[in-house]
Amino acid sequence: MAAPAGHLRPGRYLAFFALIVVALYALVFFTGSGKPTPKLGIDLQGGTRVTLSARNPDGGDPPRESLEQARSIIERRVNGIGVSGTEVVLDGSNVVITVPGEQGDQAKTLGKTAKLGFRKVVTSQPVTPVQQPSAPPASGTPSSAPPASPGASAPPSSPANGGGGAAGAPQQQGDSDEQTKKEIEEARSLRQNPDLLSTDQAKQAAAAEKAFAALNCDPKVSDPLVGNDLTDKPLVACGDKNTMKYLLEPEFLPGTEISDASSGYDTQNSQWVVNLNFKGEGSRIWGDFTSKNVQKQAAFVLDTQVVSAPTIQSAILGGQTQITGRFSQTEAKDLADVLKYGSLPLSFESSDATTVSATLGLASLQAGLIAGGLGLLIVFIYCLFYYRLLGVLTILSLALSFSLVYAVLVLLGRWIGYTLDLAGVAGLIIAIGITADSFVIYFERLKDEIREGRTFRSAVPRGWSRAQRTILASDAVSFLAAAILYWLAVGEVKGFAFTLGMSTVLDLVVVYLVTHPLVSMVSRSKSKFLSNPKNLGLGAVQQVGSERKAARPAAGRPNVKEA
């Protein structure tokens, strides 16, 4: 039961609400570096959508558990790198990453396999570059261009073949596509050599040496199974910008034993490095290996490419290690990020990366706002016509409710990266009806009390006592439905459920701290205008109440017949 009208102090409730609004907008305007506007989703401001296609080593369909694990890891990478408003969902055997705004370039690197392993180097040697013949000179004109130098480095490129490429004969112009296809097929056959996959270590060694001799790190030949190298088998791989090739032993330490990774600048050697910290067991294995292999090389293999192969100068105890590899600042940070947030259980390739325009979304938003504005205008007209002065209180309460919602959306965008999309806007529009419904319940309860013959002032506390139970039950059902929808839904439906649930909670704040105190203040006013029932839309029900009140004593007198 609510306190009687005489015990309610509306000014305190309104002052508390004003304090909440001032505090929220102080946070909006005086904290953070962003604009005082909500962050918009990809459908409202445009952005990038990247589709990653999963690949299994055996060519079959990837298991659902692995896909879900990969999605979760990519989502952690998103949160760690700081790409706000990104959505990561599964679509069949694809992972779809949606990034609003101008952060699309970061999304394209989120699907890196980042399968790191540590292997002992058996042997290494520089790659003999493949000479490209010069174009034939024009008729009658001798060529002045010198042939390619045998010592020139191969141009840097994407990760080269980690499983052994075909030996590279000089490539003639005109048949480059056919030659590239042939090299890819030869690389695949070397990678899947039965001797290399056998359990006989002698056969493995012979097959690995054959693949090592054939490897030329041609940047045109991509590794068909990048990220899916067999950890218990020897490996031939390229490194140092495709200028070196390595024959490596099976993996002795997986990258999953890394506990933390960060990038930094080594001032002593003037280069960017990646700092690694190992977990307990990984630290023990790494310390044991470095103790037994001083003055030998250990290769850090990332997605079948050697990113660094340092010579061990002394035993490394404590688990702290540096990866060096002639990194730029961006390359060092990207490598540290993908190592820090986990290796993917599957290999992915970017099958689609498209830029999404906000034009369609803005047109839909405009149409939705027009529809919402018309609906709100109809609500205002109905309230003014039916409730008159109480309708003005309804309009004021809705305006204050919107001010709360707007501030909360801005702060949520800064604090947790929440972005407002079309579905969220739909949730806000529907919430207008929920808020207006609370006012209708309250005002109709007041009318019920006045019909019983009570005055407006005495009807307010009794009507509120009954109305608040109905309002609480109604909003609880709406919030529960929104919470369940948010828990079960994916994608944009979550935005709809979130704004609907948030608006429902803020509806209770406005009804308790604004609407009821204002109605109570009006009921106590000594103004003739405010105390006139006709100006409050209560004239008709008060007349009914007066007639009922007058009829009760007459109905209660005994019917005495005169003698």
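- Here the straight-line distance linking atom CD1 of I395 with atom CG of L400 works out to 12.0 Å at 0.5 Å rounding.
- Within the 4.5 Å cutoff, side-chain heavy atoms of C383 are placed close to those of V379.
- Heavy atoms only, all atoms of each residue included: R9 and Y13 are closest at O-CD1, 3.3 Å.
- Among residues at least two apart or in separate chains, side-chain hydrogen bond (donor to acceptor under 3.5 Å, both in side chains) pairs with a member in residues 387-410 are Y387-E444, S397-T515.
- Evaluation of the side-chain contact (heavy atoms from CB on, under 4.5 Å) rule for S474 yields D437 as partners, not counting sequence neighbours.
- The closest donor-acceptor contact from the side chain of S525 to the backbone of V522 lies at 3.5 Å or more, if one exists at all.
- Using a 4.5 Å cut-off on side-chain heavy atoms (C-beta onward), R71 and L67 make no contact.
- Judged as a side chain to side chain donor-acceptor pair (under 3.5 Å), and not counting sequence neighbours, the contacts of N275 are Q322.
- Between A336 and S263, the shortest heavy-atom distance links the atoms CB-N, 3.7 Å.
- Applying the side chain to side chain donor-acceptor pair (under 3.5 Å) criterion to D448, with sequence neighbours excluded, gives R451.
- Of all heavy-atom pairs spanning A261 and L276, the tightest one is CB-CD2, 3.7 Å.
- The side-chain heavy atoms of Y442 and H516, taken from C-beta on, include a pair separated by under 4.5 Å.
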Handout entry: Verdict with reasoning, L376 to F402, per side-chain contact (heavy atoms from CB on, under 4.5 Å)
Key = CA-CA 12 Å; L376 193 60; F402 174 77; over 6 Å; no

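- Applying the side chain to side chain donor-acceptor pair (under 3.5 Å) test to T455 and every residue at least two apart in sequence or in another chain returns S458.
- For R12, the side chain to side chain donor-acceptor pair (under 3.5 Å) criterion is met by no residue, not counting sequence neighbours.
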Practice task
Kindly indicate, with the supporting measurements, whether the criterion side-chain contact (heavy atoms from CB on, under 4.5 Å) is fulfilled by L488 and V493.
Solution key: CA-CA 9 Å; L488 296 177; V493 181; over 6 Å; no

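- Rounding to the nearest 0.5 Å places CZ of F498 at 10.0 Å from CG of L428.
- Atom CG in L253 sits 10.0 Å away from atom CZ in R284 (nearest 0.5 Å).
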Practice task
Take L14 and M521, measure what side-chain contact (heavy atoms from CB on, under 4.5 Å) needs, and give me the verdict at the end.
Solution key: CA-CA 11 Å; L14 293 173; M521 290 179 68; 3.4 Å; yes

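- Once rounded to the nearest 0.5 Å, the distance linking CD1 of I20 with OH of Y25 reads 13.0 Å.
- With rounding to the nearest 0.5 Å, the separation of OG1 in T470 from CG in D475 is 11.0 Å.
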Practice task
List the steps, then state whether side-chain contact (heavy atoms from CB on, under 4.5 Å) holds for F300 with V274.
Solution key: CA-CA 11 Å; F300 299 173; V274 176; over 6 Å; no

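- More than 12 heavy atoms of other residues, nucleotides or ligands shown are found within 6.0 angstrom of OH on Y512.
- Here R445 pairs with nothing under the salt bridge (charged side-chain N to carboxylate O under 4.0 Å, His left out) rule; sequence neighbours left out.
- Here F29 pairs with nothing under the ring pair (Phe, Tyr, Trp, His ring centres under 6.0 Å) rule; sequence neighbours left out.
- Checked against ring pair (Phe, Tyr, Trp, His ring centres under 6.0 Å), F456 has no partners two or more places apart in sequence or in another chain.
- At a threshold of 4.5 Å between non-hydrogen side-chain atoms, the residues L90 and V95 count as touching.
- Residues that satisfy the ring pair (Phe, Tyr, Trp, His ring centres under 6.0 Å) test with F380, not counting sequence neighbours, are absent from this structure.
- One distance of note links CG of L485 with CG of L480; it measures 11.0 Å at 0.5 Å rounding.
- At a threshold of 4.5 Å between non-hydrogen side-chain atoms, the residues R524 and V460 do not count as touching.
- Side-chain contact between V519 and W464 is absent, with no heavy-atom pair separated by less than 4.5 Å.
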Identify each donor-acceptor pair in which a side-chain atom of residues 499-511 lies under 3.5 Å from a protein atom, sequence neighbours left out, and give them as a table.
from: T499; atom 1: OG1; to: G424; atom 2: O; distance (Å): 2.9
from: T499; atom 1: OG1; to: G495; atom 2: O; distance (Å): 3.1
from: T499; atom 1: OG1; to: F496; atom 2: O; distance (Å): 3.1
from: S503; atom 1: OG; to: T499; atom 2: O; distance (Å): 2.8
from: T504; atom 1: OG1; to: L500; atom 2: O; distance (Å): 2.7
from: D507; atom 1: OD2; to: S438; atom 2: OG; distance (Å): 2.9

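- Contact annotation: the side chain of L390 never approaches that of F439 to less than 4.5 Å [non-hydrogen atoms, C-beta and beyond].
- With a 4.5 Å cut-off on side-chain heavy atoms, R466 and E449 count as touching.
- The backbone N or O of T256 lies less than 3.5 Å from a partner atom in the side chain of K279, making a donor-acceptor pair.
- Residues forming a ring pair (Phe, Tyr, Trp, His ring centres under 6.0 Å) with F16 (at least two apart in sequence, or on another chain): none.
- Of all the heavy atoms in K447 and Y386, the pair that sits closest is NZ-CE2, 3.1 Å.
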